[in-house]
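Structure first, then comments.
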Amino acid sequence: MASTIRVLDESLIGKIAAGEVVERPASVVKELVENSIDAGATKIRVEIKAGGKQSIVVTDDGSGMSREDIALCTRRHATSKMASVADLFRIQTLGFRGEALASIGAVAHLVIESRAQEDEVGTRLVVEGGIEREMHSIGRARGTTIVVKNLFFNTPARRKFLRSVDVEARHVAQTIIHLAAGYPALGFELEHQERQVLNYASATRRERAAELLGLRPPYGGRTAPAAELLDLAYEEEGLKIEGVLAGPEHCGRSKGKQYLIVQGRPISSRLMATAVQRCFEGLLPEGHHPVFMLWIDMDPRKIDVNVHPTKREIRLANEGQVVAAIENNVRQTLRLPDVQSFVYASPRFSGIGSAAGVEPVGERDVSVRVGEPAAPVLQRLPISGEPQVATTHDADDQLALTFVAPAEAKVAIAGDAAMWQVHNQYILVEVADGLLFVDQQAAHERINYDRAMAQMDGVNGESQQLLFPIQLEMGAADFAIFNQVRDDIAKLGFGVRDFGSRTVLVEAVPTELDRFGEGEVFYQLLNDVRDGQHSGRSWREALVLAYTRKASIGKGQKLNAEEMAHLISELLKVDSQHISPTDKPIMARMKLSDMERLLRKL
């Protein structure tokens, strides 16, 4: 019987290995920039086109490679960072497997140019699909330049699964941001489509943290000075933790401003992040997350970085000790005197009556102080003299509300139909067979969402010029997002132009946006786009949805008869009038027969 097991050829082996290391353009950038860091570079420049799908160029001023090293660097498991098994247990470099260049060369057109300090000339190597095409001497400065073009040109199935240009560019930017967090002493620059996206000069850890976290004062405006960061420092038994925290007033709904760095390596650790989150319990509104950057340094022999293909996850021999140290020191930092004075004020509550001897809840401010557990804000207690409503379990007495489903025909409403607003939240509309309940916020969000999506593919939305342009300064992460969506922001009706490094002038806003204030809405828009990306939406979908929330009327907003009629009229013109952009029902119907049954008329 013939053997069914066969030894794969080297070309196929290379493509399979590349699948473990190279997932997308950001994977290539990560591997190449890590090599530059290991080579002792002080300045690293990354240029990409089409999100990295068309080309990636990484240039550094590191130690460079000799002709002999260049001849070996694209072979699998060829590395200068390990010599024996023992080295695997004391890794102090970002790379060590010797797979990156071989894997990249197997699925792309790869050009390597480099010169070591002691060499008079440099060397140029060209590899296409794992095959060496040419190698010759060139004149160049010390350091290395690596060009990667046509990623996955010979594996079309892999290329097909790449996302849009904007999404891939965002992943590249996030890769650079995380590496810049781990190595603040180095300079990093990212350019996309010949437009600068990121530019970090050499800085201290604290300065780099302030830049990447992009902190702003509570009421918007310029980037907060580094003095507003809370310092954390711990060193004991070979474990050193250094970091900065943002006070509760700077925390938001996104987890995108949480950085964990172990021995210079950006990592993901649910246990460590959760330890920090626990310290903020009672200090943040529900759904909000801490903002922090922690650098952890320890004995390399207690770290196993060889547990994940991308080395994003690691294993620690003393993980329990590290997590406990993080939690204890974050708690201590949050108890500093200047932080204890911070009070998070909850919104006032209204709508509950008062009785003799009972303080109306709506007249009382409820607050939570740092370091104190959060207590329930409101408890409903029986009030003396309050009318009691009898309840019944008779099926005939139950009020029937039916959501209007997309499968149903479009709702028909007479031109002279009566309308009422209930609790400044719902609109009741008289229809032929009963009443229609409309959620005014969900309805307006659907109208604005459909209109904005149409603007994305058509003409720009209408704008209103600001009498005085507003100058907005952004942190690195926010500015990277802004650069990805600036064209779509213009289509919505914003007039924005550059005004220096990471600073813009807002000269016009959409006519539908009547609450722009001093620019805080713009910052919130970028933050919501980041959150939308984390939930799997495209840049455009996340932007339009975030804008829709800002431009739409909300709960508690009083509408007059003309405004209600206009809202209902506009809602009936859209295709998906039954469901909001966030998949919540917009309308519910109560039949006249159900009301008559409830009131014993039938």
Side-chain angles (χ1 to χ4, degrees), residues 18-19 21-33 46-58 104 107-108 148-153 155-181 188-198 212 214 253-259 266 268 309-310 312 449 452-453 455-457 474-492 525-548 581-582:
V21 178
V22 183
E23 299 175 3
R24 61 196 328 156
S27 308
V28 174
V29 171
K30 174 180 177 294
E31 297 293 343
L32 297 183
V33 173
V46 180
E47 303 164 74
I48 61 174
K49 291 185 178 179
K53 294 190 285 187
Q54 180 179 334
S55 71
I56 298 168
V57 181
V58 177
I104 295 168
V107 292
V148 178
K149 292 186 176 181
N150 304 321
L151 185 62
F152 299 134
F153 79 97
T155 53
R158 295 289 305 280
R159 190 173 180 87
K160 180 178 66 176
F161 282 100
L162 292 179
R163 303 288 296 276
S164 68
V165 168
D166 288 346
V167 171
E168 296 300 340
R170 179 181 68 86
H171 281 286
V172 171
Q174 287 300 314
T175 296
I176 300 296
I177 288 171
H178 279 86
L179 288 169
F188 294 85
E189 187 176 350
L190 172 63
E191 188 178 278
H192 183 215
Q193 302 293 93
E194 300 182 354
R195 185 170 65 189
Q196 189 178 82
V197 177
L198 301 173
L212 294 184
R253 294 184 177 276
S254 173
K255 292 183 179 180
K257 294 183 179 181
Q258 298 182 353
Y259 297 85
S268 297
T310 64
R312 184 67 178 166
Y449 183 86
M453 288 302 289
Q455 290 170 196
M456 292 294 104
D457 300 317
M474 289 174 268
D478 282 348
F479 194 67
I481 293 173
F482 169 71
N483 275 323
Q484 298 299 331
V485 299
R486 66 161 67 215
D487 293 339
D488 286 338
I489 280 179
K491 290 179 180 179
L492 290 176
L525 196 66
L526 297 178
N527 194 57
D528 288 350
V529 170
R530 182 190 297 110
D531 291 343
Q533 276 289 297
H534 289 322
S535 65
R537 294 188 179 94
S538 68
W539 278 116
R540 177 168 288 186
E541 291 171 337
L543 173 65
V544 171
L545 186 57
Y547 165 76
T548 296
T582 53

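Quick caveat, the model's predicted, so the values are computed rather than measured.
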Pair Arg486-Arg195, side-chain contact (heavy atoms from CB on, under 4.5 Å): steps then yes or no: CA-CA 12 Å; Arg486 66 161 67 215; Arg195 185 170 65 189; 3.4 Å; yes
Is there a donor-acceptor pair under 3.5 Å between the side chain of [X] and the backbone N or O of [Y]?
{"X": "Arg170", "Y": "Ile481", "answer": "no"}
{"X": "Lys491", "Y": "Met456", "answer": "yes"}
{"X": "Glu191", "Y": "Glu47", "answer": "no"}

Any chance you could measure [X], atom [atom1], to [Y], atom [atom2], to the nearest 0.5 Å?
{"X": "Lys53", "Y": "Glu168", "atom1": "NZ", "atom2": "CD", "result": "6.0 Å"}
{"X": "Asn483", "Y": "Gln193", "atom1": "CG", "atom2": "CD", "result": "12.0 Å"}
{"X": "Gln484", "Y": "Ile489", "atom1": "CD", "atom2": "CD1", "result": "11.0 Å"}
{"X": "Thr175", "Y": "Leu32", "atom1": "OG1", "atom2": "CG", "result": "11.5 Å"}
{"X": "Ile104", "Y": "Ile56", "atom1": "CD1", "atom2": "CD1", "result": "7.5 Å"}
{"X": "Leu543", "Y": "Leu526", "atom1": "CG", "atom2": "CG", "result": "8.5 Å"}

Please report the shortest heavy-atom distance between [X] and [Y], naming the atom on each side.
{"X": "Lys49", "Y": "Glu194", "value": "NZ-OE2, 4.1 Å"}
{"X": "Leu525", "Y": "Ala546", "value": "CD1-C, 3.6 Å"}
{"X": "Val22", "Y": "Phe152", "value": "O-CZ, 3.5 Å"}
{"X": "Pro266", "Y": "His178", "value": "CG-O, 3.3 Å"}
{"X": "Asp478", "Y": "Lys257", "value": "OD2-NZ, 4.3 Å"}
{"X": "Leu179", "Y": "Phe188", "value": "O-CZ, 4.0 Å"}

Just wondering, do Val148 and Glu31 contact through their side chains at under 4.5 Å, heavy atoms?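 Side chain of Glu31 against side chain of Val148, heavy atoms only: no contact under 4.5 Å found.
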